[in-house]
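So the structure is just underneath, and the comments pick up after that.
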Amino acid sequence: MSEGVAGQPFPDGFGEGETPVPHPLLEPVVGFLGRWRGRGQGGYPTLDGDFAYAQEVSFGHDGRPFLRYEARAWLLDADGAPLRPAARESGWWRLQEDGRVEALITQPTGITEILTGHAADGVVDLATHTVALTPTAKEVTATRRRYTLADADADTDADDDPHGDTFSFVHDLAAVGQPLQHHLSATLRRAAGQSTRPASSWNSSVQ
């Protein structure tokens, strides 16, 4: 007779003060831990026009040097009301020594990206290493993603925390014969109830 399993014994942590304790290699990205919501604008030459969207993003970990990433977006109408589901993606950021990042991101539209880059001073900059496509997926040849925590690039007083409750996101895309160019930008804020890091990056194309 097999015994039942009570439940997941190692839940993810979504804040620096939660269990498990973040792995030391996650230090450059600890400020992103948690759940975030916000709005953005997008466009691309192959689309009929620009569009507005809302997005929810989460970053968690299980104590190892991997950041679990998940994002989902939905289009908004002219009045800001939800119109229909849009992009979804999930994956992992693998943190290495000296803030180096290897990211794996998969989308239900048949696209898997492997990106490499660097995390430092509240900024994560990732660029395509490899793109894998299913036989029916749209052509994507390259992307670049930049995640910036609020005020990370600004001069702050000694008592100010550069890792605040807001992050901006910019996504460049090369697809369907178009060169690498701006596709998405958004500003997201930490969801209510999420703690801010004490003082001491999606979005795929909206399809």
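For the single chain, residues carry numbers from 1 onward in sequence order.
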Do [X] and [Y] sit in one hydrophobic cluster, given that two such residues count as connected whenever their side-chain heavy atoms are within less than 4.5 Å of each other, even indirectly?
X: Trp92; Y: Val131; value: no
X: Leu133; Y: Leu180; value: no
X: Leu75; Y: Leu47; value: yes

Please determine if Asp125 and Arg144 form a salt bridge, counting it only when a charged side-chain N lies under 4.0 Å from a carboxylate O. yes

Within a 6.0 Å radius of atom [atom1] on [X], are there more than 12 heavy atoms belonging to other residues, nucleotides or ligands?
X: Arg72; atom1: CZ; value: no
X: His129; atom1: NE2; value: no
X: Arg39; atom1: CZ; value: no

Those residues that, when tested against Phe66, pass ring-ring contact (aromatic ring centres under 6.0 Å, His included) (two or more places apart):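 ring-ring contact (aromatic ring centres under 6.0 Å, His included) list for Phe66, sorted by chain: empty.
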
Just by modelled atom types, is the [Y] backbone N or O under 3.5 Å from a matching donor or acceptor in the [X] side chain?
X: Tyr44; Y: Ala175; result: yes
X: Asp77; Y: Asp79; result: yes
X: Asp98; Y: Arg100; result: no
X: Arg190; Y: Leu33; result: yes
X: Gln178; Y: Val176; result: no

Distance (rounded to the nearest 0.5 Å) between [X] [atom1] and [Y] [atom2]:
X: Ile105; Y: Leu126; atom1: CD1; atom2: CG; value: 6.5 Å
X: His182; Y: Leu173; atom1: NE2; atom2: CG; value: 10.5 Å
X: Thr116; Y: Arg94; atom1: OG1; atom2: CZ; value: 12.0 Å
X: Phe167; Y: Arg146; atom1: CZ; atom2: CZ; value: 13.5 Å
X: Gln41; Y: Tyr53; atom1: CD; atom2: OH; value: 8.5 Å
X: Glu70; Y: Arg35; atom1: CD; atom2: CZ; value: 10.0 Å

[Y] side chain reached by [X] side chain, heavy atoms, under 4.5 Å:
X: Pro20; Y: His61; answer: yes
X: Leu95; Y: Leu26; answer: yes
X: Leu149; Y: Phe32; answer: yes
X: Pro28; Y: His118; answer: no
X: Leu25; Y: Glu97; answer: yes

Please check if any side-chain donor atom of Glu113 sits under 3.5 Å from a side-chain acceptor atom of Thr143, or the reverse.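 The criterion, which ignores hydrogens and geometry beyond distance, is satisfied for Thr143 and Glu113.
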
Among Thr130, Val101, Thr128, Leu104, which residue meets the side-chain contact (heavy atoms from CB on, under 4.5 Å) test with Leu115?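 Filter result, single survivor: Thr128.
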
With sequence neighbours excluded, what pairs up with Thr141 under the side chain to side chain contact (heavy atoms under 4.5 Å, CB included) test? Glu139, Ala174

Applying side-chain contact (heavy atoms from CB on, under 4.5 Å), run through Val123 and Thr148 and close with a yes or a no. CA-CA 5 Å; Val123 178; Thr148 305; 3.9 Å; yes

Derivation and outcome, side chain to side chain donor-acceptor pair (under 3.5 Å), residues Ser168 and Thr187: CA-CA 4 Å; Ser168 63; Thr187 299; 5.9 Å; no

Can you check side chain to side chain donor-acceptor pair (under 3.5 Å) on Glu89 and Tyr69, steps first, answer last? CA-CA 8 Å; Glu89 61 184 21; Tyr69 163 78; 2.5 Å; yes

Walk me through whether Arg68 and Ser90 qualify under side-chain contact (heavy atoms from CB on, under 4.5 Å). CA-CA 8 Å; Arg68 177 76 170 92; Ser90 62; 3.5 Å; yes

Nearest atoms (heavy-atom pairs only) where Phe59 meets Val57: CE1-CG1, 3.5 Å

Indicate the atoms forming the closest heavy-atom contact of Gly63 with His23, along with that distance.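 Closest approach of Gly63 to His23, heavy atoms only: O-CB, 3.5 Å.
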
Should Gln96 and Glu102 be marked as a side-chain contact (heavy atoms from CB on, under 4.5 Å) after you check the CA-CA gap, both sets of side-chain angles, and the distance that decides it? CA-CA 8 Å; Gln96 312 292 317; Glu102 299 173 351; 3.8 Å; yes

Compute both the distance and the angle, then confirm whether Arg189 meets the cation-pi test with Trp36: under 6.0 Å from the six-membered ring centre, within 45 degrees of the axis. no

Applying side-chain contact (heavy atoms from CB on, under 4.5 Å), run through Val170 and Arg145 and close with a yes or a no. CA-CA 6 Å; Val170 177; Arg145 300 160 181 255; over 6 Å; no

Please collect all salt bridge (Lys or Arg N to Asp or Glu O under 4.0 Å) contacts where either partner lies in residues 42-59, sequence neighbours excluded, each pair once.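 As it turns out, the salt bridge (Lys or Arg N to Asp or Glu O under 4.0 Å) pairs with a partner in residues 42-59, which skip direct neighbours, are Arg37-Glu56.
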
